[in-house]
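One structure below.
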Amino acid sequence: MIAILLGAPGSGKGTQAKFLSSKYGLTHLATGDIFRNEIAEKTPLGIKAQSYVKAGKLVPDDLVTEMVAARFNSKEGRYLLDGFPRNLTQAQSLSSILAHENLSIDLVVLLKISQELALERIVSRRVCSQCGEVYNIQTKPAPGGKCLSCGGEVILREDDSETTARKRLMVFEDITRPMIAYYQSESIFKEVDAGRKPEEVSVALSMFVDSIFAKS
Ligand code: AMP
């Protein structure tokens with residue numbers, strides 16, 4: 001089972017990917033989370049990626065693709081990709097990586113959301129600096145700025161500032177949206193309205209995943 005969640009920053013990819021990976025036992029591969037960890041740990045990859053992530057730009061394809069390829073293991077075979085691929089080159093690289101591992105994509109879902117709502121969600125999002133749990137100052141505040149799961153400090157992600165969030169939304173429109181056509185004509189491609197409550201989006205996504213498992 002290989003599933004891909006596509007969508008603009010703020011569309012809820014991370015939240016839905018966590019839900020689906022825990023419900024269906026999929027390995028959640030979130031390139032943004034991996035970069036944030038590598039940056040926090042000051043690894044060679046983190047040091048190379050830092051300036052791009054901070055500026056809301058895409059990290060160069062060779063770094064991203066190498067990082068993703070190293071995490072695939074054909075024996076495991078159940079992955080949920082969140083934040084990758086983000087352009088046509090990455091989509092083509094993914095096809096080659098999967099072919100090499102004898103795997104193929106079962107489901108690609110685009111989480112559709114308006115730019116205004118995406119921006120509103122990003123700037124009100126807060127994350128735990130320790131465990132990455134996601135909060136929202138309007139819908140899910142962290143009492144006293146502390147994480148309910150681990151007690152860590154809950155902060156505004158550096159690239160969630162309004163200026164950088166606007167840049168990231170532009171990158172999505174200019175670079176990632178054209179890539180969607182790579183998948184759009186195939187039967188594996190689905191869309192959901194991600195402007196709804198997270199629980200409603202989860203129900204819609206579960207129906208797609210259930211139908212894949214029912215076929216296998
Ligand atoms: P995200 O958490 O998915 O919004 O990603 C945060 C940042 O990580 C992005 O703005 C990029 O700088 C970087 N990033 C994540 N995934 C990719 C990717 N597939 N290609 C290039 N850069 C990425």
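In each ligand, atom 1 is the first atom listed, and ligand 1 is the first ligand listed.
Proximity of Lys13 to ligand 1, defined as any heavy-atom pair under 4.0 Å, is not found for any part of the residue. Under 4.0 angstrom from ligand 1, the non-hydrogen atoms of Val64 all belong to its side chain. Of the heavy atoms in Arg157, only side-chain atoms (C-beta onward) come closer than 4.0 Å to ligand 1.
Comparing heavy-atom distances from atom 19 (N) of ligand 1 across Ala17, Gly83, Ala8, Pro9 singles out Gly83 as nearest.
When every heavy atom of Pro178 is checked against every heavy atom of Glu173, the shortest pair comes out as CD-O, 3.5 Å. The shortest non-hydrogen separation linking Ile97 to Ala69 is CD1-CB, 3.8 Å. Between Val201 and Asp193, the shortest heavy-atom distance links the atoms CG2-O, 3.7 Å.
Heavy atoms from other residues, nucleotides or ligands lying under 6.0 Å from CZ of Phe208 number more than 12.
Of the protein's non-hydrogen atoms, Val53 CG2, 3.8 Å is the one closest to atom 8 (O) of ligand 1. Of the protein's non-hydrogen atoms, Arg36 NH1, 3.5 Å is the one closest to atom 6 (C) of ligand 1. Among all protein heavy atoms, the one lying closest to atom 9 (C) of ligand 1 is Arg86 NH2, 4.0 Å.
Between Phe84 and ligand 1, no N or O atom pair is found at a separation short of 3.5 Å.
Of all atoms in ligand 1, numbered sequentially from 1 with element shown, those under 4.0 Å from a heavy atom of Lys57 are 11 (C), 12 (O).
Under the 6.0 Å cut-off for aromatic ring centres, Tyr52 and Phe35 do not qualify, their centroids lying 6.0 Å or more apart.
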Full working for side-chain hydrogen bond (donor to acceptor under 3.5 Å, both in side chains) between Gln90 and Thr65: CA-CA 7 Å; Gln90 293 183 10; Thr65 307; 5.6 Å; no
